[in-house]
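Since the structure comes first, as structure tokens, the remarks are kept for the end.
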Amino acid sequence: MKKTISLILVILSLSYFGLEFFFSGKKDIYYIGITGPMGGKAGNDGISMKRGAEMALKEIQRQGKLKNIELQLLIHDDQSDYSSKYGPIEIARKISQNKKVLAVIGHKFSVPTIAAAPIYAKHQIPLISPTATAPEATAVSEWAFSMICNDLYQSRFLANYVVHALNKKRIAIIHSEDGYGKSLKTHFIRELQKNKVIPHTVIELPEKDMEPVHLKVHLEHLKKADIIFLAMLSDNAANVLKYLKNKQVQTDFIGNEVLGNPKFIHDAGVYSENVYAVTSFLQNLLGIDARLYAQQYRKTYLKEPDWISSHSYEAVQLIANAIEKVGPDRFSIKDYLKQIRSPHESVKGIGGNIYFDRYGSNQRAIYIGQVKNGRFISSEFQLIQAPYPELLPAGEQKELVHFYKQALKRTTIVFTGVHIKEIKEINIDESYYTADFNLWFRWNGKDEKNLDFELLNGQIENQAILEKYENPETGEHFISYEIKATLKEEFPLHDYPFDKQILGIQVKPLKAPTTEILLVADLDESEGFLPIDLGIWRESLHLQYVDLKEFLYSFRNPQFDQKMYTLDYSLFHYEIRMAREVSDYLLKMIPLLFMLIIVGISFFMDITRNSGARFDIGLLGLLTAVAFHQTVISVGYLIRADFFFICTYFLISLIIVETVIVDHFYHSQREKLALAIDRYSFSGFVMIIVGLAIALFGDFI
């Protein structure tokens with residue numbers, strides 16, 4: 001008798017929840033080490049590393065990327081600064097003892113990374129530094145990689161940017177006496193010389209006494225410079241900047257990636273305004289992944305993300321990709337990273353495509369940012385790769401900058417924004433909506449740019465210029481439009497009535513490719529947006545971001561050797577992300593939910609006396625669910641709400657079947673078996689209701 005009851009209960013359990021729900025496999029635990037300064041003078045940088053890694057791990061878990069593997073972080077404070085060695089070495093030895101560590105993210109500075117790298121190599125642990133820029137940091141070991149371009153790459157790019165994008169010729173250099181400052185200065189000058197430019201003045205600040213007062217004797221020379229290159233760490237650069245501006249040195253300043261760090265902007269305060277810096281992470285110049293990452297970072301930590309956190313995020317994602325491809329093996333992970341050697345083999349990151357040179361140094365695209373109103377945004381001009389130099393007019397080909405086997409061209413940044421005034425209609429069935437909105441462009445440049453535009457996902461019904469401004473002396477341009485448009489949009493309803501939809505606007509320059517115009521988002525989701533009446537929808541997020549759209553350019557033109565060419569155009573996206581208001585839908589479902597409760601309560605009835613009543617209640621509940629299914633939902637394909645009704649049919653059908661089985665056993669003089677099945681079925685009913693609720697609606701709670 002007991003065996004029969006147990007068998008029936010097992011069958012019911014497997015029907016309700018499935019094998020995976022009860023017997024999910026145990027995951028193997030592996031670790032990624034995170035090591036950097038978690039306190040002290042550079043503590044904010046170490047915390048940024050940790051936060052970026054934490055966000056990446058949460059995203060990996062959310063995606064279910066590594067099905068049988070659970071990754072965890074081992075966070076270590078190496079108590080390092082730019083010259084530390086012993087702390088990082090001890091931490092490296094400690095981490096290396098753990099056989100479950102698959103890779104290490106660290107260290108923050110180049111000197112600690114160079115010191116610790118041989119230890120990780122000895123134990124065959126891949127090391128990825130999110131921030132180390134010295135070429136030796138990756139060249140010291142085949143197991144070492146960096147998520148940022150090294151000093152040589154950055155310095156050469158900066159020199160070309162100053163000469164070809166900013167058109168500056170009188171260039172002053174102030175560098176620190178340490179190895180970092182000297183390296184930046186040396187490579188910067190060499191690249192200037194290749195461009196036939198001689199530095200206006202070069203000043204070295206002693207390593208032991210970096211007080212900017214040493215610059216007093218050079219003030220007159222510095223005032224005559226068009227731009228000053230600061231080759232030093234951020235705290236020293238902040239002090240130098242404040243001193244020079246207080247001494248009326250009114251020129252431009254530019255530097256390496258540390259000048260784009262929030263710490264530098266905080267330390268320099270208002271003096272940081274208009275400072276240029278090289279970077280690989282500019283929110284308003286990057287795509288949707290960077291925007292969503294920044295939005296989630298702000299929501300989680302109540303701070304703006306920096307390039308340190310973004311590089312740590314990408315490093316963890318890169319390791320997860322490697323594990324997914326080659327498994328949890330250190331040697332295989334290292335080989336996977338070594339094979340990412342070209343743009344064609346690159347891995348997509350939130351800051352652009354990631355690939356390494358033969359020494360493990362990152363070769364991703366880099367940009368120039370500028371501090372404006374305390375925020376680090378895209379500068380007004382960029383040097384970007386021209387994919388087909390032969391397509392450019394002869395005059396423009398002469399302006400190309402040849403850099404690391406790339407042909408770079410100066411392009412104008414156009415800050416682009418949208419302000420929605422009214423959403424007039426959202427037609428789900430016909431896949432369109434209508435909107436009234438303002439669209440604006442602003443840019444700098446002496447030459448007038450062709451800013452004819454088109455909506456890639458819609459039709460403009462009415463368009464009028466709202467404002468127009470030009471300043472020939474400064475090169476400032478601004479134009480804004482009032483637009484009424486009908487816009488196409490797909491509205492997937494698979495999660496109805498808990499679906500989330502996007503209202504998008506896509507703006508593209510009509511004829512100018514990225515080698516002429518690069519649109520960037522003028523606002524982020526935290527500013528400038530007013531509530532909009534969306535009827536049955538509620539807005540959850542405004543996003544503005546950019547990406548590239550490829551168009552066929554040449555159709556086997558003999559002028560271009562009958563080759564087929566495509567050109568990239570900058571595409572600006574504005575999105576309202578919205579969620580359906582489900583209160584009205586849920587109110588309509590109350591009668592059905594009430595009937596389900598009545599059906600469930602029927603389990604309390606004494607089966608020995610009320611089997612007929614229980615059967616009738618179950619049948620009535622089934623018919624009620626069918627009626628509601630036909631009247632409440634008007635969507636023509638399978639959606640989440642359909643699954644709710646299917647589960648309802650399944651539950652009520654089980655109750656009816658269970659009632660018939662129990663009644664049969666009872667009238668066959670097997671009363672104990674009948675009562676046992678009935679008692680356990682009630683418990684199973686409660687469990688399945690909870691399980692199905694979680695499965696159906698858990699991700700919306």
Side-chain angles (χ1 to χ4, degrees), residues 157 160-161 164-165 280 282 284-290 342-346 348-349 351-355 363-368 378-416 439 441 443-445 447-458 460 477 488 504-521 544-574:
F157 185 88
N160 282 298
Y161 182 83
H164 297 285
S280 58
L282 275 173
N284 64 335
L285 192 58
L286 299 173
I288 183 62
D289 293 336
S342 70
H344 177 70
E345 300 160 329
S346 62
K348 184 180 179 182
N353 292 339
I354 302 166
Y355 63 101
Q363 296 289 284
R364 69 165 81 215
I366 55 177
Y367 308 97
I368 301 296
S378 173
S379 63
E380 56 201 15
F381 303 105
Q382 296 291 343
L383 286 179
I384 69 164
Q385 184 176 3
Y388 304 115
E390 61 269 33
L391 299 185
L392 297 173
E396 293 186 21
Q397 290 187 28
K398 294 179 181 179
E399 298 173 358
L400 291 175
V401 179
H402 297 283
F403 176 76
Y404 278 83
K405 300 180 181 180
Q406 303 174 55
L408 302 183
K409 185 179 181 299
R410 179 184 189 257
T411 189
T412 299
I413 293 296
V414 178
F415 293 92
T416 308
L439 169 68
F441 305 100
W443 70 98
N444 281 7
D447 52 335
E448 178 70 36
K449 288 292 179 181
N450 178 10
L451 265 176
D452 292 337
F453 67 92
E454 61 179 324
L455 297 184
L456 210 59
N457 68 324
I460 296 176
H477 294 79
K488 298 176 183 178
I505 298 173
Q506 299 176 13
V507 180
K508 167 192 164 292
L510 189 60
K511 296 180 179 179
T514 54
T515 50
E516 296 180 29
I517 287 177
L518 203 59
L519 304 182
V520 305
Q544 298 194 75
Y545 63 94
V546 293
D547 59 20
L548 302 179
K549 184 73 174 179
E550 187 178 69
F551 288 89
L552 192 61
Y553 175 77
S554 174
F555 299 85
R556 301 179 63 81
N557 187 334
Q559 180 184 358
F560 305 122
D561 298 325
Q562 299 185 27
K563 294 179 180 178
M564 302 288 281
Y565 286 108
T566 59
L567 287 182
D568 288 336
Y569 287 79
S570 188
L571 187 60
F572 170 84
H573 296 259
Y574 171 91

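Positions are given from 1 along the sequence.
Looking at Y574 and L439, their side chains never come closer than 4.5 Å, going by heavy atoms from C-beta outward. Proximity of T515 to Y388: side-chain heavy atoms (C-beta onward) are nowhere separated by under 4.5 Å. With a 4.5 Å cut-off on side-chain heavy atoms, Q382 and L285 count as touching. Contact annotation: the side chain of L455 approaches that of V507 to within less than 4.5 Å [non-hydrogen atoms, C-beta and beyond]. Residues F381 and I413 are not in side-chain contact: their nearest non-hydrogen atoms beyond the backbone lie 4.5 Å or more apart. In this structure, the side chains of I505 and H573 stay at 4.5 Å or more apart for every pair of heavy atoms. Residues S570 and I517 have side chains not in contact (no heavy-atom distance under 4.5 Å, counting atoms from C-beta outward). Side-chain contact between Q406 and Q385 is present, with heavy atoms from C-beta onward closer than 4.5 Å.
Atoms CD1 and CZ, on I366 and F157 in that order, are 5.0 Å from each other to the nearest 0.5 Å. Between atom CD of residue E380 and atom CG of residue N444 there is a gap of 4.5 Å, rounded to the nearest 0.5 Å. In this structure, CG in L519 is found 10.5 Å from CG in D547, a value given to the nearest 0.5 Å. Annotation: the span from E550 atom CD to L567 atom CG amounts to 9.0 Å, rounded to 0.5 Å. Rounding to the nearest 0.5 Å places NZ of K348 at 4.5 Å from CG of D289.
The two atoms that bring P509 and A512 nearest to each other are CB-O, 3.6 Å, heavy atoms only. Of all the heavy atoms in R364 and S280, the pair that sits closest is CD-CB, 3.3 Å. Contact detail for T416 and Q544: the closest heavy-atom pair is O-OE1, 4.1 Å.
Qualifying side chain to side chain contact (heavy atoms under 4.5 Å, CB included) partners for P389, counting only residues two or more places apart in sequence or in other chains: L400, A407.
Q363 contributes no side-chain N or O that, together with a main-chain N or O of Y355, makes up a donor-acceptor pair within less than 3.5 Å. For the pair N160 (side chain) and F403 (backbone), a donor-acceptor distance under 3.5 Å is absent. Side-chain atoms of T411 come within 3.5 Å of backbone N or O of T514 as a donor-acceptor pair.
When each of V546, V520, L456 is checked for a side-chain contact (heavy atoms from CB on, under 4.5 Å) with F572, only V546 meets the rule.
Aromatic ring orientation, F453 versus F441: tilted (interplanar angle from 30° to 60°).
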Kindly indicate, with the supporting measurements, whether the criterion salt bridge (charged side-chain N to carboxylate O under 4.0 Å, His left out) is fulfilled by K409 and E396.
CA-CA 8 Å; K409 185 179 181 299; E396 293 186 21; 3.7 Å; yes
Working for side-chain contact (heavy atoms from CB on, under 4.5 Å), residues Y367 and L286:
CA-CA 11 Å; Y367 308 97; L286 299 173; 4.3 Å; yes
